[in-house]
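These values consider heavy atoms only, across backbone and side chains, with no hydrogens, waters or symmetry-generated copies.
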Protein chains: 2
Amino acid sequence: MYALRLPLSNLSLFCSQSQKPRLDSNYRTMMNYAKAASSQAFKNKKLLFRQLFEKDSSTYTYLLADVAHPDKPALLIDPVDKTVDRDLSLVKELGLKLIYAINTHVHADHVTGTGLIKTKVPSVKSIISKASKSKADLLIEAGDKIHFGDLFLEVRATPGHTLGCVTYVTGDGSDQPQPRMAFTGDALLIRGCGRTDFQGGSAHQLYQSVHSQIFSLPKETLIYPAHDYRGFTVSTVGEEMQYNPRLTKDEEMFKSIMENLNLPYPKMIDIAVPSNMVCGLQDLSVKPVDASSN
Amino acid sequence: MYALRLPLSNLSLFCSQSQKPRLDSNYRTMMNYAKAASSQAFKNKKLLFRQLFEKDSSTYTYLLADVAHPDKPALLIDPVDKTVDRDLSLVKELGLKLIYAINTHVHADHVTGTGLIKTKVPSVKSIISKASKSKADLLIEAGDKIHFGDLFLEVRATPGHTLGCVTYVTGDGSDQPQPRMAFTGDALLIRGCGRTDFQGGSAHQLYQSVHSQIFSLPKETLIYPAHDYRGFTVSTVGEEMQYNPRLTKDEEMFKSIMENLNLPYPKMIDIAVPSNMVCGLQDLSVKPVDASSN
């Protein structure tokens, strides 16, 4: 029902043979749109969106749901182990059906909540990129679409912070939320970006990723990163193209900045990375890591 | 140009004699609306909205601006002294003209940024409720409207956490953002509420305020509080009416809960309250209080 792995080139959403079960609901939606006096209002009402914050690691978790769909299917992007109960309570209170727990990459600063979520809601499927070389129920690649109800996220490969980083972008289409929203993980932060000195990081790759995959989106696209340390909650592509202190530079200058950050060794990395490599299939016999002890 | 103190009963926004300078721009806006194929999309594009977080006191500051207006007039709700430079940088980068720095009440847990903002941008006017007995450039009362461009906030008296607490609600009208947004200060928090044992607090008053002034708004109204301690960023009237663990109770039960919270003495109150009582007109000869030392 919630199809995955459609290449981006398959833009004919209503003609895909692999999506037969969705045709009726898409047809119904189209008819509703035609009837609606204000289609834009109708459209915006479909997406329920919540930004959630985990203070210790300054991580943002995002809840998205299609509340116009009878099932109210929902997904969580970058859940944190410590806040899983909060997130699942909210999902329950809002009457949503959580179907996916998704990571933008293998985090080094906190333990993902995907494993814990699956122990509490076994029907949830975990998702991470194939390039991350991690275990999960579904391994995605650039061009895949992650459908939840009549909405979807498009997968863009944005390596450089880690080898397997991806950015999830809400769908491109008149029946999808406007403006589009990009969940950039650590590839692009608000007025910053993730470090490039661990986990297969590469300043050259990150520069190319951000410019080709994120800055190529419409300027009004909303940027929702995995972290913010100064209290910002959102930015836009246009703002980062104009004001990001690192990514407005040329590539040589960017590489020089990234090579001279002199950041300390990530304090959680030795615990978080091995755990997050099995984010979707955390072994229940292994005691969950308590991130608060670090 | 940015009229204040229109009573709520003056609902005829386009007929007010006191608003003559605004008629042309309202007329222009109406004509644009008539031309726009998707009026809802056009409307939502008028409001620029940013939620900003101050981690030490878990305070939310809100930036609102009418970006369809040539001046891009903006206001800040509940700015914090420590994050004034961040907020003013953002205002500048976004090309906004900050006209008001507003408090929902006299805060006891952090020092307001309104005084510092006025030293850096002298044209900004500070606003707080008359009932707070504080000093500010403009003292507002229930029923007043605070205009910024073609948008406005409506003032609702919501005492109970303090005697002078107000809630600011975005305008009621087809030319104002939908759904409406309520900036509730400490009167209503997400799944909680402010304490009632200091600063003229009253559990009876708070209960009445929330039920009569906030829960009477449409259920889809977005709730943006002054604080959140668990990482939530937004709620709705409908959600709080259904799930707020305190305010879903009857008044007697609510009073009993509030009387038995056994909270410690607020650690910042002796510094923050005297300072915040002169929020809008902070004496420049007085050294600004460094909240980080507490």
Per-residue contact mode, A:Glu54 against chain B (heavy atom under 4.5 angstrom):
neither
In terms of heavy-atom pairs under 4.5 Å with chain B, which of A:Tyr60, A:Tyr229, A:Phe53 leads?
A:Phe53
Donor-acceptor pair, side chain of B:Arg246 and main chain of B:Cys193, under 3.5 angstrom:
yes
If we ignore hydrogens and angles and just use 3.5 Å, is the side chain of B:Glu220 paired with the main-chain N or O of B:Thr236 as donor and acceptor?
no
Pick whichever of B:Thr83, B:Asp228, B:Leu90 has the most heavy-atom pairs under 4.5 Å with chain A.
B:Leu90
From B:Lys97 atom NZ to B:Phe148 atom CZ, the distance as rounded to the nearest 0.5 Å
15.0 Å
List the steps and the verdict of side chain to side chain contact (heavy atoms under 4.5 Å, CB included) for A:Asp78 and A:Ile102.
CA-CA 6 Å; A:Asp78 288 333; A:Ile102 306 178; over 6 Å; no
